[in-house]
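To find a chain, count down the sequence lines: A is the first, B the second, and so on, and within it residues start at 1. Computation of the quantities below employed the complete heavy-atom set of this structure, encompassing side-chain atoms and omitting hydrogens, waters and symmetry-equivalent molecules.
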Number of protein chains: 2
Amino acid sequence: MPKNRQDLDNSLKKQMIKDSARNIFLADGYEKTSITRISKQAGVTANTIYWYFSGKDELFAAVLEELISVFVSALSQRSETYSLEENLLWMLESFQFAKPLIITVHERSAISDAVATVHNNFHNSVESLLGKVLNESGFEAARIKPVIRIASFVVEGLLMHEVSIKEKQEIVKQLLAILSPLRDK
Amino acid sequence: MPKNRQDLDNSLKKQMIKDSARNIFLADGYEKTSITRISKQAGVTANTIYWYFSGKDELFAAVLEELISVFVSALSQRSETYSLEENLLWMLESFQFAKPLIITVHERSAISDAVATVHNNFHNSVESLLGKVLNESGFEAARIKPVIRIASFVVEGLLMHEVSIKEKQEIVKQLLAILSPLRDK
DNA sequence: CCAATCTCTTGATCGGCGCTCAAGAAGCAG
DNA sequence: CTGCTTCTTGAGCGCCGATCAAGAGATTGG
């Protein structure tokens with residue numbers, strides 16, 4: 001079994017491609033970003049990308065995985081020190097820049113298994129994190145799962161639609177009331 | 001000002017194109033549906049479609065407008081006789097067949113004004129309908145708007161994600177609790 | 001009646017897309 | 001040196017949405 005020329009060079013170039021892809025995906029969205037454009041910014045030809053990634057969706061999934069990993073670990077740390085409200089607002093804020101990609105994730109998940117897997121993992125991570133918080137707050141156990149789902153859908157909805165700041169604040173307020181264990185009384 | 005050759009022929013052919021487009025869009029989704037394929041099923045050439053519609057997004061918006069119009073008037077009638085729960089379940093059920101298009105609507109809304117307009121009108125129609133129902137049920141007025149938005153996001157979320165039947169039922173149950181005026185006590 | 005005008009349809013074509021293929025360069029192993 | 005693997009590339013495929021110029025057909029004003 002022959003060795004790699006340079007293992008470093010391999011993963012390095014792969015990372016460069018991912019970096020270029022991430023920049024252009026975030027700036028212009030999935031559809032308007034062509035493999036050729038990504039390859040030019042990465043300093044390679046389009047075909048090289050197809051050697052590292054089996055297709056555009058797989059490259060997209062790899063980019064998502066990185067973004068999500070950073071986000072989830074940040075949220076995981078925050079959840080220990082900040083309140084639910086603060087974290088909710090932080091999520092909405094820090095996801096704003098990836099707004100077009102959030103819609104794309106759902107679109108491509110229907111087509112690409114790679115994207116669907118990343119998408120599912122993301123939901124599971126965030127929702128299990130929220131589940132722990134709710135559990136510790138004394139939330140009625142049986143209602144935790146569906147209520148988490150509702151929260152998750154509301155957050156996605158807020159990110160996917162144009163909503164005025166005032167309306168957003170009202171929605172978050174209502175959502176927090178739903179997530180409050182006081183409701184049981 | 002010269003007359004049309006046949007006004008009837010004009011709107012008829014336009015309708016034929018919309019019908020073909022609707023069928024294929026619903027069967028295969030937006031992306032996989034090409035103008036050429038629609039044109040073949042409608043018995044014209046691709047260019048003819050571009051005479052009736054300024055682009056693929058505008059054709060898509062026209063198709064959506066028809067689907068939505070049928071849906072909204074049906075829901076409007078139902079809201080007078082059926083309960084909120086029944087209508088909610090009916091919405092989820094009757095939208096199932098258009099699931100891939102729901103995701104597409106959001107994706108194209110970011111790109112096409114025509115699709116965005118149709119999308120906004122749809123939200124306004126459904127949400128004002130729900131607003132009337134909540135108002136009549138004695139729901140606290142100040143909370144109606146944000147809660148409607150939440151309901152709307154949850155319905156969209158349920159349609160956009162793979163959710164088991166059991167989980168869906170739980171979520172609907174919690175959503176109905178949120179929409180119940182009894183919560184105020 | 002005829003030329004002008006408007007409505008509608010079409011074939012040809014464009015640039016770009018995601019992706020594939022075959023060829024070959026560059027390194028390592030026996 | 002030979003063979004094998006890793007990586008890179010130019011050429012090209014089929015398809016896409018969209019445009020353009022040409023023209024057919026009906027209707028109109030003169």
Nucleotide [N], atom [atom2] - distance to [atom1] of [X] in whole Å:
X	N	atom1	atom2	result
B/Lys56	D/dG17	NZ	P	4 Å
A/Asp28	C/dC17	CG	P	12 Å
B/Phe60	D/dG17	CZ	C1'	16 Å
A/Phe53	D/dT8	CZ	C1'	16 Å
B/Ile38	D/dA18	CD1	P	11 Å
B/Lys40	D/dC15	NZ	C1'	11 Å
B/Tyr52	D/dT19	OH	P	18 Å
B/Ile24	D/dC16	CD1	P	11 Å

Select one nucleotide: of D/dT9, D/dT6, C/dT9, the one nearest the side-chain heavy atoms of A/Trp51.
D/dT6
Does A/Lys32 qualify as a cation-pi partner of A/Phe25, given the criterion of NZ or CZ under 6.0 Å from the six-membered ring centre and within 45 degrees of its axis?
no
With heavy-atom distances below 4.5 Å as the criterion, would you say the side chains of A/Leu101 and A/Phe60 are in contact?
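SC-SC contact between A/Leu101 and A/Phe60 confirmed.
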Salt-bridge contact A/Lys173-A/Glu170 (side-chain N to carboxylate O under 4.0 Å)
no
Within residues 56-66 of chain B or reaching into it, pairs that qualify as salt bridge (charged side-chain N to carboxylate O under 4.0 Å, His left out) - sequence neighbours excluded:
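Sorted result for residues 56-66 of chain B: B/Lys18-B/Glu66, B/Arg22-B/Glu66, B/Asp57-B/Arg108.
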When all nucleic acid strands are considered with a 4.0 Å heavy-atom cut-off, which category describes B/Ser34: base, sugar-phosphate, or nothing?
sugar-phosphate
With a non-hydrogen cut-off below 4.0 angstrom, is A/Ser39 in contact with a base, only sugar-phosphate, or nothing?
nothing
List the residues meeting side-chain hydrogen bond (donor to acceptor under 3.5 Å, both in side chains) with B/Glu156, not counting sequence neighbours, and say none if there are none.
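By the side-chain hydrogen bond (donor to acceptor under 3.5 Å, both in side chains) rule, B/Glu156 matches A/His161, B/His106, B/His123.
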Looking at [X], I'd like to know whether one of its side-chain N or O atoms comes within less than 4.0 Å of OP1 or OP2 on [N].
X	N	result
B/Lys13	C/dT9	yes
A/Thr48	D/dT9	yes
B/Tyr50	C/dT10	no

Closest-nucleotide 5' rank along DNA chain C - winner of A/Ser54 and A/Arg37
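Residue closer to the 5' terminus by nearest nucleotide: A/Arg37.
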